[in-house]
Amino acid sequence: MSKDKLVIFDTTLRDGEQSPGASMTKDEKIRIALMLEKMGVDVIEAGFAMASPGDFDAVKSVAETVKDSRICSLSRANRKDIERAGEALKYANASRIHTFIATSPIHMQYKLRMTPEQVVERAVDAVTFAQNFTDDVEFSCEDASRTEFDFMCHIVEKVIAAGARTINLPDTVGYGEPYQFGKVIGKLINNVPNADKAVFSIHCHNDLGLAVANSLSAVQNGARQVECTINGLGERAGNASLEEIVMAVHTRSDVFDVTTNINTQHIVPASRLVSSITGFPVQPNKAIVGANAFAHEAGIHQDGVLKHRETYEIMRAQDVGWGENRLVLGKHSGRAAFVSRLETIGHKCTSDEELDTLFARFKLLADKKHEIFDDDLQALLTIDSQERDTEGYQLAHFQAALASGSDPKVALDISLNGEIYKAEETGDGLVDAAFKAIESIVKSQAELVLYSVNSLTEGTDSFGEVTVRLKRDGRIVNGQGSDTDIIVASVKSYLHAVNLLNQSQRAHPQEGI
């Protein structure tokens, strides 16, 4: 007996970007989208086209680049949003408009200030109008987990009749409980007369740590699309994690009567790519993709695994992409090998100029590091993307002095529009001195709220990745910097954050699901 298809809808580029400081450039979104396409994701929500010109451009570029996955743009239930989404998706090989409106009493009364009848009218009009731009319309009842059941049945029946082919029921605030949430989904499907004409979907947030459990419960009760993100990235506590959903279905095929199109061997590379671009490190004990996910330290566990792997491992590390970070390049490697390895990790150079720049940086890195790993190449791509897409201050020269009995001292030169600015400062440590020196030049007046160091590969010559989170006037940004010298990486990350703060602030779709 064949199993049902479970549609994997990835919203890393939209909801994932709503994590404070996780904004991505257009090129970074394209890199992630290509990795998702390679993984076999069915639907990629590329952004919220109406949110800003930058979001529109990113959705448009992803739509023009990706061929095998369906590209989706979010829109509120109004015609201006839908027109903008349709324009951004015009050249997609396969497109979807995802329109939504809040349906819970608290949202309708206090946020929308609309009656239930007005909400239904707006929803039906949005679904009807969206079909002028695509043959695939998804409708979401925002805050479905706190929506009155009879009203939810009513609005779902109306939008299906209007042409919606996917009905998404989000647990927008992470309020759901697995048993209850799953039962409601099943009951809804059984009570809506035209439910057979749509795919039912869920989009669960992780405020109580139940996003994956709620999603899987819904699947057991008839949902056939799951909206999720790489690494569980997303607003507040995040979303259901794609890797956990997929591997639960894959590993427990005796429980879940569904199958997916996902090539699971790309899960770990995708996780690393998203982590390096957003600057959100993956916690070591994170399921599937954490560094300790397949580590065994207890003697009893080690003995059992050595005798028979299945004693303590329910899935193979290789099946999700562990072990792919092989040593393949060094300073004697040529351009052909370099290009081949870039394509393996999901990046294809779009011009000879880009290849020349990346290859030159690779050679400089190879002079510092004898062994070049895939994560080093990911870091090179991230640096290149940041420098091309972020205008502003750049590090021109750096010098540090550290000696017993004297305060650490940093001297640096920073360039801006061809001008060089110099500064020297001492501090409690070299990082403190470096940040003081930068601030004496840029005068950002920002608050440092996070400083995080992550080693990308093993060894003392590891490519270190630093994340700096700055806050100013309520706006939060993450800056990233990578280098074999952790102090230099720190300087780069701080400058990147300052440049992001100084850019015009993009409208943030906080009305999202």
Side-chain angles (χ1 to χ4, degrees), residues 6 8-22 45 48 74 76 98 100-112 138-149 151-152 156 166-188 200-223 225-249 271 274 278 280 282-283 285-290 476 508-513:
L6 180 63
I8 300 299
F9 177 114
D10 183 277
T11 184
T12 303
L13 303 182
R14 200 278 298 170
D15 200 323
E17 195 186 26
Q18 289 182 209
S19 299
E45 190 167 50
F48 194 156
L74 187 70
R76 290 164 296 190
H98 179 191
F100 73 95
I101 194 167
T103 54
S104 66
I106 191 170
H107 275 243
M108 289 190 291
Q109 179 179 352
Y110 294 106
K111 187 181 78 171
L112 298 179
E138 175 173 338
F139 174 78
S140 283
C141 300
E142 186 185 4
D143 204 19
S145 55
R146 296 190 295 176
T147 296
E148 293 176 346
F149 182 77
F151 178 65
M152 189 155 58
V156 166
T166 301
I167 301 298
N168 186 44
L169 305 166
D171 184 19
T172 304
V173 293
Y175 184 72
E177 179 276 328
Y179 178 78
Q180 179 189 42
F181 187 72
K183 291 269 287 184
V184 168
I185 301 301
K187 185 179 176 183
L188 183 76
F200 281 76
S201 168
I202 62 275
H203 177 129
C204 297
H205 278 264
N206 206 38
D207 298 71
L208 293 175
L210 297 172
V212 170
N214 282 326
S215 299
L216 293 174
S217 177
V219 170
Q220 288 179 311
N221 283 274
Q225 176 178 286
V226 176
E227 304 196 359
C228 45
T229 61
I230 300 296
N231 299 336
L233 196 67
E235 196 167 355
R236 301 186 315 278
N239 290 277
S241 167
L242 180 149
E243 57 272 13
E244 294 175 26
I245 295 290
V246 168
M247 292 313 296
V249 168
S271 169
V274 170
T278 61
F280 281 48
V282 176
Q283 66 193 62
N285 62 329
K286 169 76 167 65
I288 317 299
V289 294
I476 298 173
H508 211 320
Q510 289 297 346
E511 301 233 28
I513 295 165

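Positions are given from 1 along the sequence. Please read all numbers here as calculations on a predicted model, not as lab measurements.
Of the inter-residue distances, the one linking Arg146 atom CZ with Cys141 atom SG reads 14.0 Å to the nearest 0.5 angstrom. Rounding to the nearest 0.5 angstrom, the gap separating the CG atom in Asn239 from the CD atom in Gln18 is 9.0 Å. If you take CG on Asn206 and CG on Leu233, they are separated by 12.0 Å, rounding to the nearest 0.5 Å. Once rounded to the nearest 0.5 Å, the distance linking CD of Glu177 with NZ of Lys183 reads 11.5 Å. Here the straight-line distance linking atom OG of Ser217 with atom CD1 of Ile185 works out to 8.5 Å at 0.5 Å rounding. One distance of note links CG of Leu208 with CG of Asp171; it measures 8.5 Å at 0.5 Å rounding.
In this structure, Phe181 has no ring pair (Phe, Tyr, Trp, His ring centres under 6.0 Å) partners at least two apart in sequence or on a different chain. Applying the side-chain hydrogen bond (donor to acceptor under 3.5 Å, both in side chains) test to Thr103 and every residue at least two apart in sequence or in another chain returns Thr147. In this view, Ser215 satisfies the side-chain hydrogen bond (donor to acceptor under 3.5 Å, both in side chains) rule with no residue, not counting sequence neighbours.
Proximity of a side-chain donor or acceptor of Asp15 to a complementary backbone N or O of Gly234 within less than 3.5 Å is not detected. No donor-acceptor distance shorter than 3.5 angstrom exists from the side chain of Thr11 to the backbone of Cys228, with no hydrogens or angles considered. In this structure, Asp10 contributes its side chain and Thr12 its backbone to a donor-acceptor pair below 3.5 Å. A donor-acceptor contact shorter than 3.5 Å links the side chain of Asn214 to the backbone of Gly176. A side-chain donor-acceptor contact under 3.5 Å links Glu243 to the backbone of Asn231. Under the 3.5 Å distance criterion, the side-chain polar atoms of Glu148 are left unmatched by any main-chain donor or acceptor of Phe151.
Contact between Thr166 and Ser201 at its shortest, heavy atoms only, is CG2-CB, 3.9 Å. In this structure, Ile202 and Ala223 approach most closely via the heavy-atom pair CD1-CB, 3.6 Å. Here the shortest heavy-atom pairing between Ala248 and Leu216 reads CB-CD1, 3.7 Å. Of all heavy-atom pairs spanning Phe200 and Leu188, the tightest one is CE2-CD2, 3.9 Å.
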Phe100 vs Arg76, side chain to side chain contact (heavy atoms under 4.5 Å, CB included): CA-CA, chis, key distance, verdict: CA-CA 5 Å; Phe100 73 95; Arg76 290 164 296 190; 3.7 Å; yes
Test log, rule salt bridge (charged side-chain N to carboxylate O under 4.0 Å, His left out), inputs Glu227 and Arg14: CA-CA 11 Å; Glu227 304 196 359; Arg14 200 278 298 170; 5.5 Å; no
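Each of Phe9, Phe48, Phe139 was evaluated against His98; a single residue qualifies, Phe9, per the ring pair (Phe, Tyr, Trp, His ring centres under 6.0 Å) test. Of the candidates Glu142, His203, Glu235, Thr172 forms a side chain to side chain contact (heavy atoms under 4.5 Å, CB included) with just one, namely Glu142.
A 6.0 Å sphere centred on OH of Tyr175 holds no more than 12 heavy atoms belonging to other residues, nucleotides or ligands. Counted within 6.0 Å of OH on Tyr179, heavy atoms from surrounding residues, nucleotides or ligands total 12 or fewer; the atom is thus considered open. Other residues, nucleotides and ligands place more than 12 heavy atoms under 6.0 Å from the CD atom of Gln283.
Looking at heavy atoms from C-beta onward, Val246 lies out of side-chain contact with Val226 at the 4.5 angstrom threshold. In this structure, the side chains of Leu210 and Pro178 come closer than 4.5 Å at one or more pairs of heavy atoms.
With hydrogens and angles left out, the side-chain atoms of Lys286 and Ser271 include no donor and acceptor closer than 3.5 Å.
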